[in-house]
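What's counted below: heavy atoms across the whole structure, side chains too, no hydrogens, waters or symmetry copies.
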Amino acid sequence: MKKVNYRNPWAWIPTLYFAQGIPFIFINMVTMVLFTELGMSKADATLYTGWLYLPWVIKPFWGPIVDVLKTKRWWTVTMQLCVAIGLGAIAFTLPQPDAAEIEQGLPVTSFMVCLFFYFVTAFCSATHDIASDGFYMLALNTHQQSMFVGIRSTFYRCASVFGQGGLVMIAGALALVTDSVSKGWLWTVMGCSVFFFVVFLWHAFILPYPEADKPVGGEQKKTVGGILKEFLNSFGTFFKKKYVVLAMLFMLLYRLPEAQVVKLCQVFLLAPREAGGLGMSQIEVGFAYGVLAILGLTIGGIIGGICAANGGLRKWIWPMALATSLNCVAYIILSNIQPDYSLLSGKIITWSCIVLEQFAYGFGFTAFMLFMMYFAEGPYKTSHYAICTAFMALGMMLPGMAAGYIMENILGDSYTNFFWWVLCCNIATWLVTALVRPHINPEYGAKQVEQKK
């Protein structure tokens, strides 16, 4: 079969980034709901799902291998197959407690074998992220990258919405059909495995073969010494970049509020009203997140990409950073009002807040993605982008691990207090935005740059 050097980005970017998002969202967010539904405490669930971020944090240590060995296309397709196998292993090792055991509470030891396969799958997913992000930057020029960053983040977030909404709704429906919460989750995870195998087959056929997609240092056989040299060069050149300390602070703190919200927002929606939640069912939460939220997310992501492609990153970074605080505002409204979801008015308020939160994410996350691509520019862009996303993952991992403890032990186990606390954390987001903005090339990402070239 003839190797195609270029395909219309619409043919592969939506599916590639939807596929990139599914395992990440499932492992780090949906698993929070899964574990608590199977009887694990909130504190333990946030701690262990927080540790599952680790492969994304340490991925720069093997990111250079993706740069030096094989092509980004090869790594992308191979890791998709590995993730499909890993999800299947998770499904078959999930504990299967009955209703009485769930009510009593399941010890962490019941999840040990399953957690092992979680970690292996997380490692494969993190490697897939390195390769697919590198492939994106090699297959598109800088203006195309700006234009499609909104589409890319929209479909990634669609995966998040589908994961947090669709998978939870499917698991709830299957639990009703099988009369077992644990069996509902088993078949849901197995479905994810089958889906990812289909994704592997699609991308093995449809992804182009960009001329620039070659191992760093050429196609010749690599020695251990050569690989080690390239590895050290990739790290050395990253930490020699200008304003690297400010950039690291930006990547660690820009998503500080979101890192805490995502751990407990669905738990809040599912929690009984007397505990401060909304008392929604799994199917109701799944519908709100898996169907309605896509509207706000899609509009926010597309508008963000269009704005960045026309005005550039520097012009739009402040409006996008300010927009990220709207997710906290939405949940403050819900936790204070506690709308009755059984009433039409309650549904409208809840849906409106979720759509607002997703719009804010789709619009605000565009700036974060563009900044990482901007800072990663250079011969080691795949490795450097992997380092950037590792700082991003660390910024999500540590606050997320602490979120359950902060709420239960410091904020009186109050969802309202928790969401007010998260709103205050936006000060850190605004501060790092103010620090890095002067260092961004005003023309980066804007259409006129490509026209001049």
Sub-4.5 Å side-chain heavy-atom contact between [X] and [Y]:
X    : Y    : result
F162 : I25  : no
L326 : E357 : no
L423 : V329 : yes
Y156 : M369 : no
I130 : M79  : no
F155 : I13  : no
W56  : M392 : no
V189 : L34  : yes

Keeping [X] on the side-chain end and [Y] on the backbone end, is there a donor-acceptor pair under 3.5 Å?
X    : Y    : answer
S325 : L322 : yes
R73  : S132 : no
K263 : N28  : yes

Which residues pass the side-chain contact (heavy atoms from CB on, under 4.5 Å) test with A159, sequence neighbours left out?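 A159 satisfies side-chain contact (heavy atoms from CB on, under 4.5 Å) with F18, I22 once adjacent residues are dropped.
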
Residues in side-chain contact (heavy atoms from CB on, under 4.5 Å) contact with T324, at least two apart in sequence or another chain: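 With neighbours one apart ignored, the set is Y254, N426, T429.
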
Are [X] and [Y] near enough that their ring centres are under 6.0 Å apart?
X    : Y    : result
F375 : F250 : no
F238 : Y385 : no
F368 : F371 : no
Y48  : F111 : no

With D129 via salt bridge (Lys or Arg N to Asp or Glu O under 4.0 Å) - residues at least two apart: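 In terms of salt bridge (Lys or Arg N to Asp or Glu O under 4.0 Å), with neighbours along the sequence ignored, D129 is linked to no residue.
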
Going by side chain to side chain donor-acceptor pair (under 3.5 Å), name the residues that satisfy it together with W75, two or more places apart in sequence or in a different chain.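 Once residues adjacent in sequence are excluded, W75 has no partner under the side chain to side chain donor-acceptor pair (under 3.5 Å) criterion.
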
From [X] atom [atom1] to [Y] atom [atom2], the distance as rounded to the nearest 0.5 Å:
X    : Y    : atom1 : atom2 : value
T121 : I27  : OG1   : CD1   : 5.5 Å
I85  : F196 : CD1   : CZ    : 12.0 Å
T416 : Y331 : OG1   : OH    : 14.0 Å
M248 : L253 : CE    : CG    : 11.5 Å
M32  : L52  : CE    : CG    : 12.0 Å
T36  : D44  : OG1   : CG    : 11.5 Å

Set out, in order, the CA-CA distance, both residues' side-chain angles and the distance that settles side-chain contact (heavy atoms from CB on, under 4.5 Å) for M407 and D413, then state yes or no. CA-CA 5 Å; M407 179 182 160; D413 205 18; 3.5 Å; yes

When the ring planes of [X] and [Y] are compared, do they come out parallel, tilted or perpendicular, using 30° and 60° as the limits?
X    : Y    : result
F200 : F197 : tilted
F135 : W12  : perpendicular
F24  : Y53  : perpendicular

Smallest separation among heavy atoms of [X] and [Y], with atom names:
X    : Y    : result
L264 : A403 : CD1-O, 4.0 Å
F35  : A45  : CB-CB, 4.3 Å
H203 : A19  : CE1-CB, 4.4 Å
L278 : P339 : CD2-CD, 3.9 Å
A323 : A360 : O-CB, 3.1 Å
K241 : A376 : NZ-C, 4.1 Å

Pairs meeting criterion ring pair (Phe, Tyr, Trp, His ring centres under 6.0 Å) with involvement of residues 420-443, two or more places apart: Y243-H439

Evaluate the side-chain hydrogen bond (donor to acceptor under 3.5 Å, both in side chains) criterion for residues Y17 and D133: first the C-alpha distance (whole Å), next the side-chain angles of each, then the deciding distance (0.1 Å), finally the verdict. CA-CA 9 Å; Y17 279 91; D133 288 336; 3.0 Å; yes

Residue pair N336 / Y415, side-chain donor-acceptor N/O under 3.5 Å: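 No - no donor-acceptor pair under 3.5 Å links their side chains.
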
Can you confirm whether the side chains of Q80 and H128 place a donor and an acceptor under 3.5 Å from each other? yes

Start with the C-alpha distance between H384 and E377, add both sets of side-chain angles, then the distance that settles side-chain contact (heavy atoms from CB on, under 4.5 Å), and finish with yes or no. CA-CA 8 Å; H384 288 181; E377 283 294 313; over 6 Å; no

Could you go step by step and tell me if Q260 and F418 meet the side-chain contact (heavy atoms from CB on, under 4.5 Å) rule? CA-CA 9 Å; Q260 299 171 80; F418 175 75; 3.8 Å; yes

Could you go through residues 312-320 and list every donor-acceptor pair under 3.5 Å that involves a side-chain atom there, pairing it with any protein atom two or more places apart or in another chain?
residue: R314; atom: NH1; partner: I440; partner atom: O; Å: 3.3
residue: W316; atom: NE1; partner: C307; partner atom: O; Å: 3.1

side-chain contact (heavy atoms from CB on, under 4.5 Å) assessment of T350 paired with E284: CA-CA 11 Å; T350 304; E284 290 168 341; over 6 Å; no

